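Structure record follows, encoded as structure tokens.
As the structure is a prediction and not an experimental result, all values here were calculated from the model. All residue numbers in this chain count up from 1 along the given sequence.
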Amino acid sequence: MNLEIFPENIRPHIIPKVEGKLFYRCLGCASEFPIEKLLYVCPDCNQVLLIHDKNEAALTRHSGDTWQKIFDYRKMLKIPALKGIYRYHEFIGSCIPLDSILYLGEGHTPIVEASPHLKEKTGLNFFYKNDGQNPSASFKDRGMASALSSIKYLIDQNLVSDVIAVCASTGDTSAAAALYASYLKPLIKSAVLLPHKKVTSQQLAQPLGSGARVFEIPGVFDDCMKIVEHLSTQYPVVLLNSKNAWRILGQESYSYEIAQDFDWDMTNKAVVVPIGNAGNISAIMNGFLKFYKAGIIQQLPKIIGVQSEHADPVFQYYLEPDENKRQFKPVNTRPSVAQAAMIGNPVSMPRVIEIAKRYNQESSHQNVFFVQVTEQSIMDWQLTANQNGHITCTQGGECLAGLINASAQGIVTKEDTAILDATAHAIKFSEFQELYFKEQIPDTYEIQSHPGFINLPDLITPDNPELVPSQENRLEEKDFHRFVQEISKKIAKELNL
Ligand SMILES: *Cc1c(COP(=O)(O)O)cnc(C)c1O
Ligand SMILES: [Zn+2]
């Protein structure tokens with residue numbers, strides 16, 4: 001693309017310069033560590049880290065207006081490294097040279113307005129942002145593009161080699177990790193740990209298909225996470241869970257895209273996010289804060305975090321109104337159809353606490369809310385959304401259930417436009433839909449199948465078994481004609497034609 005077509009004041013900034021001076025900072029003791037180290041927790045106090053930029057001043061060297069134009073014009077480029085989350089290079093990983101960036105098609109997922117019928121039914125204005133349309137069919141690809149680009153960068157600088165990447169997963173992290181690691185074959189090998197029988201068969205198929213080593217571990221996600229943490233402290237492995245601060249950095253792109261999708265106007269917007277390990281909501285709040293500080297957006301949207309009754313440690317924490325009295329207690333999870341968010345001891349809890357506090361302060365009023373929903377409402381709202389033209393997973397159903405709840409509490413109003421995170425594609429979680437339709441959801445989930453939602457295939461056969469065609473025995477032309485007529489007649493009757 002000919003850069004001459006861009007306005008003169010934008011042209012020098014269209015291709016980002018590699019100038020960021022990133023470093024890790026501990027959320028516990030504020031110690032700082034060089035970004036070239038493979039680091040997941042503070043070596044001094046074991047707390048999680050966030051990535052900051054010593055060259056932060058560079059983010060205010062342009063007016064918010066100019067940044068908006070840079071990003072809008074950058075949208076026209078054909079350079080693969082800048083087509084995904086790194087469109088916002090200065091905010092996402094400004095130390096990474098373009099040729100170390102991994103791009104597999106992640107980011108810039110569609111924002112789809114709720115169908116007219118769905119809007120009428122809920123009485124609310126909202127959009128789904130379809131993060132299930134990422135390459136491995138969940139938002140985890142955003143963080144993984146960032147984490148794997150950072151590793152590629154270290155490999156390119158000869159700072160690491162023969163990398164073995166590991167993660168624990170409720171299903172989607174491992175699918176994304178295995179995909180992105182396999183793209184860098186043979187530089188990186190990956191291994192994933194999954195809680196046995198606690199991921200869907202589609203999610204299990206994904207890392208297997210990408211050629212990763214897959215280990216199934218008895219217990220729940222929180223147990224797998226402990227093993228992976230142990231591995232990462234005892235052995236030379238790269239941790240790809242959202243404990244890895246690069247994951248958070250990449251997932252901030254979700255906020256940047258929402259800002260750009262709404263032409264940088266965040267007035268009366270509410271962003272609804274399901275919470276599991278709490279990496280995503282941390283990243284989303286942090287992303288909006290960065291754009292706000294750089295003057296790219298003038299308002300901070302409301303943030304609404306949603307949890308199921310069956311896995312609600314973050315919601316429980318914030319039930320105490322006095323922040324000095326709040327005490328975090330992990331919960332024992334119960335089976336949840338929002339299985340990707342079924343986490344009792346979220347790794348990013350310290351991040352949520354710190355960032356939500358800053359978010360409220362910068363907003364000058366409470367702007368982060370947490371709501372809890374029933375399993376029944378998750379399933380019913382997911383099915384309702386999908387029967388009205390959407391493609392959301394159960395966690396996206398959780399978002400819609402959360403929006404309804406937030407509206408009942410007056411947290412969102414009819415004046416607001418909500419953006420719901422369809423964190424994964426519906427097909428990854430179709431097993432829950434199937435159990436619902438067959439009225440076979442185990443009692444522990446506490447979900448009844450409402451007849452109005454149930455949808456099962458009807459097998460239509462001819463009355464005369466002689467008239468059934470098969471691959472081996474093709475029917476005579478006359479019989480085949482009778483078969484077509486009879487079946488058509490039966491279908492027409494079913495459809496009241
Ligand atoms: C991981 C995941 C979540 C939870 O996100 P966290 O960052 O762990 O809070 C929600 N939905 C889906 C589909 C996921 O894969
Ligand atoms: Zn520390």
- Task: Take K269 and D416 through the salt bridge (charged side-chain N to carboxylate O under 4.0 Å, His left out) test and state the conclusion after the steps.
- Result: CA-CA 6 Å; K269 302 292 186 300; D416 289 320; over 6 Å; no
- Between L400 and Y128, does a side-chain contact (heavy atoms from CB on, under 4.5 Å) hold up when you go through it step by step? CA-CA 9 Å; L400 182 47; Y128 263 115; 3.4 Å; yes
- Query: Is atom OH of Y318 surrounded by more than 12 heavy atoms (other residues, nucleotides or ligands) closer than 6.0 Å?
  - Reply: yes
- Message: Whether K129 and E257 form a salt bridge (side-chain N of Lys/Arg under 4.0 Å from carboxylate O of Asp/Glu) is what I want to check.
- Response: yes
- Message: Any donor-acceptor pair under 3.5 Å linking the side-chain atoms of W67 with those of Y88?
- Response: no
- Message: To the nearest 0.5 Å, what is the distance between CD1 on I427 and CD on Q433?
- Response: 11.0 Å
- When the ring planes of F432 and F429 are compared, do they come out parallel, tilted or perpendicular, using 30° and 60° as the limits? parallel
- Do we see a donor-acceptor contact under 3.5 Å between the side chains of N134 and T109? no
- Item | Within 6.0 Å of CD in Q327, more than 12 heavy atoms from elsewhere | no
- Between the side chain of D322 and the main-chain N/O of N324, is any donor-acceptor distance below 3.5 Å? yes
- Message: Could you check whether D131 pairs with R142 (Lys NZ or Arg NE/NH1/NH2 to Asp/Glu carboxylate O, under 4.0 Å)?
- Response: yes
- Message: What I want to check is whether the side chains of S377 and T374 have a donor and an acceptor closer together than 3.5 Å.
- Response: yes
- With a 4.5 Å heavy-atom cut-off, do I51 and L49 have their side chains touching? no
- Which atom of I248 lies closest to which atom of L50, heavy atoms considered: CG2-CD2, 4.1 Å
- Task: For K189, look at atom NZ and say whether over 12 heavy atoms of other residues, nucleotides or ligands are found less than 6.0 Å away.
- Result: no
- Pair D141-S136, side-chain donor/acceptor within less than 3.5 Å: yes
- Task: Give a yes or no answer on whether the side chain of Q298 reaches the backbone of G295 with a donor-acceptor pair at less than 3.5 Å.
- Result: yes
- Take W246 and Y40 through the side chain to side chain donor-acceptor pair (under 3.5 Å) test and state the conclusion after the steps. CA-CA 9 Å; W246 283 98; Y40 313 108; over 6 Å; no
- Query: Looking at R334 and E446, does any basic side-chain N land under 4.0 Å from a carboxylate oxygen?
  - Reply: yes
- Message: So that I can tick it off, tell me whether R74 and E90 are bridged by a salt bridge, with the cut-off set at under 4.0 angstrom between side-chain N and carboxylate O.
- Response: yes
- Item | R326 atom CZ, neighbour heavy-atom count above 12 within 6.0 Å | yes
- Message: Main chain of V368, side chain of N360: is a donor-acceptor contact present, judged purely on distance under 3.5 Å?
- Response: yes
- To the nearest 0.5 angstrom, please state how far the CD1 atom of I281 sits from the CD atom of Q251. 12.0 Å
- Message: side-chain contact (heavy atoms from CB on, under 4.5 Å), that's the test. Do V347 and V48 meet it? Break it down for me.
- Response: CA-CA 8 Å; V347 160; V48 286; 4.2 Å; yes
- Message: If you compare all heavy atoms of Y359 against all heavy atoms of P301, which two are closest, and at what distance to 0.1 Å?
- Response: OH-O, 2.6 Å
- Going by an N to O cut-off under 4.0 Å, is there a salt bridge joining D172 and K428? yes
- Item | Separation between CD1 of I101 and CG of L82, rounded to the nearest 0.5 Å | 6.0 Å
- Interatomic distance, N46 atom CG to T233 atom OG1 [nearest 0.5 angstrom]: 8.5 Å
- Query: Side chains of E252 and N286: do they bring a donor and an acceptor to under 3.5 Å?
  - Reply: yes
- Does a sphere of radius 6.0 Å around CD in E120 hold more than 12 heavy atoms from other residues, nucleotides or ligands, not counting ones at 6.0 Å or beyond? no
- Item | Residues R358, E362: salt bridge by 4.0 Å N-O rule | no
- Query: Going through the distances and angles, do M144 and L240 end up as a side-chain contact (heavy atoms from CB on, under 4.5 Å)?
  - Reply: CA-CA 8 Å; M144 226 40 95; L240 287 182; 4.2 Å; yes
- Message: Distance check, rounded to the nearest 0.5 Å: C224 atom SG versus L194 atom CG?
- Response: 7.0 Å
- Item | Distance-only donor-acceptor check, side chains Q372 and D312, under 3.5 Å | yes
- Mind checking whether Y256 and F291 have ring centres under 6.0 Å apart? yes
- Between D380 and Q376: side-chain donor-acceptor atoms closer than 3.5 Å: yes
- Item | Side chain H425, main chain N130, donor-acceptor under 3.5 Å | no
- Query: Are Q260 and D72 close enough that a side-chain donor and a side-chain acceptor fall under 3.5 Å?
  - Reply: yes
- Query: Would you say the side chains of E375 and S308 form a donor-acceptor pair under 3.5 Å?
  - Reply: yes
- F127-F262 aromatic ring centre distance below 6.0 Å: yes
- Do T392 side-chain atoms and Q382 backbone N/O form a donor-acceptor pair below 3.5 Å? no
- Message: Tell me whether Q387 at atom CD has more than 12 heavy atoms from other residues, nucleotides or ligands lying less than 6.0 Å away.
- Response: yes
- Output the distance between atom CD1 (I96) and atom CG (L249), rounded to the nearest 0.5 Å. 8.5 Å
- Judged by atom type as modelled, is there a donor-acceptor pair below 3.5 Å linking the side chain of Q299 to the main-chain atoms of N268? no
- Message: Tell me if a side-chain donor or acceptor on N386 pairs with a main-chain N or O of L383 at a distance below 3.5 Å.
- Response: no
- Side-chain ion pair, E229 and K226, N-O less than 4.0 Å: yes
- Item | Heavy-atom closest pair, residues V220 and T333 | CG1-OG1, 4.4 Å
- Does a donor on one side chain and an acceptor on the other come within less than 3.5 Å for R351 and S242? no
- Any side-chain donor near an acceptor of the partner, Q203 and T200, under 3.5 Å: yes
- Message: Classify the ring geometry of Y436 against F453: parallel below 30°, tilted from 30° to 60°, perpendicular beyond 60°.
- Response: perpendicular
- Message: If only side-chain N and O atoms count, and only distance matters, is there a donor-acceptor pair under 3.5 Å linking D421 with T423?
- Response: no
- Message: Quiz question: by atom type and distance under 3.5 Å, do the side chains of Q339 and T394 form a donor-acceptor pair?
- Response: no
